[in-house]
Amino acid sequence: MVWADGDPRARLMFVGEGPGAEEDRRGLPFVGAAGELLDRMIAGIELERGQVYIANVVKCRPPGNRNPEPDEIAACRGYLEAQIDAVRPAALVLLGRVAAHALLASDAPVGRLRGAWHEVRGVATRVTYHPAALLRDAGLKRPAWEDLKVVRDRLTTGIAAD
Ligand code: URA
């Protein structure tokens, strides 16, 4: 099972989809190629991996890297909600469609959900593209960077900009 990484008292929490092969092997989230990019994104807002909290919607690797099934998401939901409640970050970033749809009452595409603040369990929440999507489509890197800057500004000023 891949539970989380980082600081359980972090002010910023990221939620991804589920462990891939490397994450499954090492028991840590986001330690493969997408994780390296996530580390660089975190560094871009002047933080280190150890200063944020990183978790996934599903805690076990879906075989063959398929998307998690609705019953798998439902089985892990209580754990994810308990993680958010325990950490109580100042801001939450949902990485990609699976995380956004699992935690927001919406099935809109990421491109429509990003660009606004949402609320998840009382936490100010932003949606952005999954790092794996950024690796496939470099054109998404700029909007993802814009998303992270808004989050950084909120963390540093406490003011919710759009
Ligand atoms: N992708 C995810 O969504 N989570 C991980 O932990 C690794 C890759």
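This one's a predicted model, so the numbers in the text were calculated from it and none came from an experiment. Numbers here simply count residues along the sequence, with the first being 1.
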| request: Kindly give the heavy-atom pair with the smallest separation between P131 and A34, and that separation in Å. | output: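 Taking every non-hydrogen atom into account, CB-O, 3.5 Å.
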
| Under the criterion side chain to side chain contact (heavy atoms under 4.5 Å, CB included), which of L103, I73, L94 is the partner of V57? |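 So, applying the side chain to side chain contact (heavy atoms under 4.5 Å, CB included) to V57 and each of L103, I73, L94, only I73 qualifies.
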
Main chain of [Y], side chain of [X]: is a donor-acceptor contact present, judged purely on distance under 3.5 Å?
X    : Y    : value
R154 : A91  : no
H118 : L113 : yes
R114 : P143 : yes
E17  : N67  : no

| message | side chain to side chain contact (heavy atoms under 4.5 Å, CB included) for L38 and L95? Distances and angles first, verdict last. | response | CA-CA 10 Å; L38 180 61; L95 298 167; 4.1 Å; yes

Min side-chain heavy-atom separation [X]-[Y] under 4.5 Å:
X    : Y    : answer
K59  : L80  : yes
F30  : D39  : no
V87  : V123 : no
Q51  : D7   : no
W145 : T128 : no

| task | Applying side chain to side chain contact (heavy atoms under 4.5 Å, CB included), run through V151 and W117 and close with a yes or a no. | result | CA-CA 10 Å; V151 172; W117 286 102; 4.2 Å; yes

| Between CZ on residue R49 and CD on residue E36, distance to nearest 0.5 Å |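 Answer for the CZ-CD pair, R49 versus E36, is 10.0 Å.
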
| Carboxylate-amine/guanidinium contact R126 D147, below 4.0 Å |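 Salt bridge: no.
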
| message | Please determine whether a side-chain nitrogen of the Lys or Arg among R61 and E23 lies less than 4.0 Å from a carboxylate oxygen of the Asp or Glu. | response |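 Result for this pair is no, no salt bridge flagged.
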
| query | Does V31 share a hydrophobic cluster with M41, counting links as ILVMFWY side-chain heavy atoms below 4.5 Å and allowing steps through other members? | reply |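 Looking at the clustering, M41 is in a separate group from V31.
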
| request: Check whether more than 12 heavy atoms from other residues, nucleotides or ligands sit under 6.0 Å from atom CD of E48, and answer yes or no. | output: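 No.
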
